[in-house]
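Any value given below was found using the heavy atoms of this structure, including those in side chains, with hydrogens, waters and symmetry copies removed. Letters go in sequence order (proteins before strands), and every chain restarts at 1.
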Amino acid sequence: MRLSQLFTKTSKTAPADETSKNAMLLIQAGFVHKEMAGVYAYLPLGLKVVENIKQIVREEMASVDSNELIMTSLQRRETWEKTGRWSPEVVDIWFKTKLQDDTELGLAWSHEEPIVEMLRPFVHSYKDLPLSLYQFQTKLRNELRAKSGIMRGREFVMKDMYSFHASAEDLAAYYDKTIEAYKRVYDRLGIGADTYVTFASGGAFTKFSHEFQTICDAGEDVIYLHREKNIAINEEVIDDAIKELGIQRDELEQVKTAEVGNIFNFGASKTEEMGLKFTAEDGTMSQIHMGSYGIGVTRVMGVIAEKLSDERGLVWPEAVAPARVYLARLGTDTEVVKSADELYDRLTKSGVGVLYDDRDEVRPGEKFADADLMGIPYRIVISNKTVTSNSYEVKHRTAAEAEHLNQTQLDHLLGVEA
RNA sequence: CGGGGAGUGGCGCAGUCUGGUAGCGCACGCGGUUUGGGACCGCGGGGUCGCAGGUUCGAAUCCUGUCUCCCCGACCA
């Protein structure tokens, strides 16, 4: 991507009406645009980050044999009435609307009920189970108060996965497998070391559900942590959990966290309410066991922005950065332009994402400042100096000094095949 | 929904108390000098002060209502 073609601009100043770090940086760097409180548009650079996160999640969901689909944002009232969750007393974050003939509709805040309904024509036999499906969907929730930038919006992207099983044992095994897949997701996103599988309030079937909580000052949750035993407990279930686990409260450290994922064992309660059953091997009608697994994609993006940024701006891990390389061309001398254009083409063809700062009118200092603000992992400078010395000036976003590499060394650094 | 703060060119702000029809920096356009950590000089375009009423000869400024944004709280399947 050439910066001369990018319509967004960075700003010298952070927006005055934002106080959360993720919103300030993402807006200042031109990654997102706030449409209204809790509602953000994802601009080209921001969308790259979202897509990179989604790709990692996709790969890990594939590792637990889940298939991707996409359900609808408009939902039927009747579907939700089956479990009583159409009622505003039960679910207070509904956005609702009407067709022109006055038929009431709901705007998707979750797809738990609709997916059970959707499976009715497909799941009849034990041979159809187990089954796991997931999607990336924009969830719409009429929150009383949006806050913390993109970390708590009224409109946000969520990966939601649902699994269906012939037995509680099979669901339990899959649930455990999913926990491992989720851990790999957060590791790959660069926040694994600070992310804990946390006991949280359960449901109809199990004593606890599990949340994935990442240590983050901008988070809304408080958990109690035992680092050596790797135990984490949401404060909302602290008393029960201590009893259950046989540990003392004073062994635990209290930390502020953001919930980046949640997995939930419904048992057979949801499918029973919805009337979805299957015929077992012995010919009897049996209950389907269901699990629900979420990852807040855009919230994770906010958490990464919060945790990994510094005084100069964003600092993306390579796996999610909008590009791996920020190629800064200094000046417009023919040889410099030629060298920079060639490197851009070569890296791009090798599959290295490059943000090419080919702007003629922008001075060096501004290019460096933008590279830092945007948080691109590697900055490569092409100038008269580098053309003369036949080298590339390379600096990692987190490094203090640049180093000069020849082409072989650069290719090695970026993993480019010669 | 309760409490607090704030709405003035694209962005950041001053002006409001002590009414006299709008100013600064950045950004933008043109010309010139510059060119390795957000350059400099000159010229120029762009807002009627969130919105609606009211008071007044006259309102960004005073009064009333209303909308929006941020923060704290409540809420969070």
Side-chain angles (χ1 to χ4, degrees), chain A residues 7-21 23-24 27-30 33-40 80 83-94 106 108-114 139 141-149 151-154 156 158 160 162 200-204 209 211 218-221 234 236 258-259 262-266 269-270 273 292-294 296 299 311-313 326 328-333 336 357 359-374 379-388 393 395 400-402 404:
Chain A
F7 84 95
T8 57
K9 292 176 194 292
T10 58
S11 171
K12 264 187 176 178
T13 49
D17 66 350
E18 300 281 358
T19 54
S20 75
K21 190 160 45 156
M24 285 197 285
I27 291 172
Q28 197 182 342
H33 169 77
K34 178 157 69 177
E35 181 65 27
M36 63 181 92
V39 180
Y40 293 83
W80 289 91
T83 59
R85 293 212 288 176
W86 180 257
S87 160
E89 284 78 46
V90 180
V91 174
D92 64 358
I93 45 129
W94 268 118
W109 62 277
S110 162
H111 288 79
E112 283 162 354
E113 274 78 347
K139 304 292 187 200
R141 297 187 183 184
N142 200 350
E143 301 279 0
L144 240 42
R145 181 184 157 210
K147 56 186 281 196
S148 308
M151 288 175 63
R152 178 165 174 106
R154 298 195 165 94
F156 58 94
M158 185 173 180
D160 44 325
Y162 307 95
S201 56
S209 71
E211 293 170 345
E220 302 183 291
D221 291 326
N234 193 309
E236 65 194 18
E259 182 186 338
N262 179 317
I263 66 178
F264 207 86
N265 183 331
F266 276 112
S269 59
K270 179 74 65 190
E273 283 179 295
S292 170
Y293 318 80
R299 176 180 285 180
E311 65 290 339
R312 295 203 308 274
Y326 190 100
R329 191 196 74 202
L330 306 191
T332 54
D333 291 347
V336 171
D357 195 343
R359 296 174 294 179
D360 290 342
E361 71 286 5
V362 176
R363 297 160 59 84
E366 193 172 341
K367 294 193 175 191
F368 298 153
D370 279 348
D372 289 343
L373 178 60
M374 291 178 186
R379 187 189 80 195
I380 302 178
V381 173
I382 301 291
S383 67
N384 279 316
K385 287 185 203 171
T386 67
V387 169
T388 304
E393 178 185 316
K395 189 182 99 58
E401 299 292 335
H404 293 266

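Of the candidates B/C71, B/A77, B/G38, B/A77 carries the atom nearest the A/R85 side chain, counting heavy atoms from C-beta on. Of the candidate nucleotides B/U34, B/G37, B/G38, B/U34 has the atom lying nearest to any side-chain atom of A/R363. When each of B/G37, B/A77, B/C26 is scored by its nearest atom to the side-chain atoms of A/K12, the top-ranked nucleotide is B/C26. In the set B/C71, B/C69, B/A77, the nucleotide with an atom closest to the side chain of A/W109 is B/A77. Checked against B/C11, B/C76, B/C13, the side chain of A/E220 finds its nearest nucleotide in B/C76. Comparing B/C69, B/A77, B/U35 against the side chain of A/E112 picks out B/A77 as the nearest. Closest to the A/M36 side chain, of the nucleotides B/G73, B/G38, B/C69, is B/C69.
Where A/A16 and A/E366 each meet RNA chain B at their nearest nucleotide, the meeting point lying more 5' is that of A/A16. Of the residues near RNA chain B, A/T13 and A/L144, the one whose nearest nucleotide (by heavy atom distance) lies more toward the 5' end is A/T13.
Two residues are said to be in side-chain contact when any heavy atoms from C-beta on lie closer than 4.5 Å; A/K395 and A/E393 fail this criterion. Considering only heavy atoms from C-beta on, A/R299 comes within 4.5 Å of A/E259 through its side chain. Contact check for A/E211 versus A/E236: side-chain heavy atoms found under the 4.5 Å cut-off. Taking 4.5 Å as the limit, every side-chain heavy atom of A/S87 sits out of range of all side-chain heavy atoms of A/W80.
One cannot find a donor-acceptor pair under 3.5 Å joining the base of B/G38 and the side-chain atoms of A/R312. One donor-acceptor pair, N or O on each side, does fall under 3.5 Å between the base of B/G37 and the side chain of A/D372. With hydrogens and angles left out, the side chain of A/R145 and the base of B/C75 share no donor-acceptor pair within 3.5 Å.
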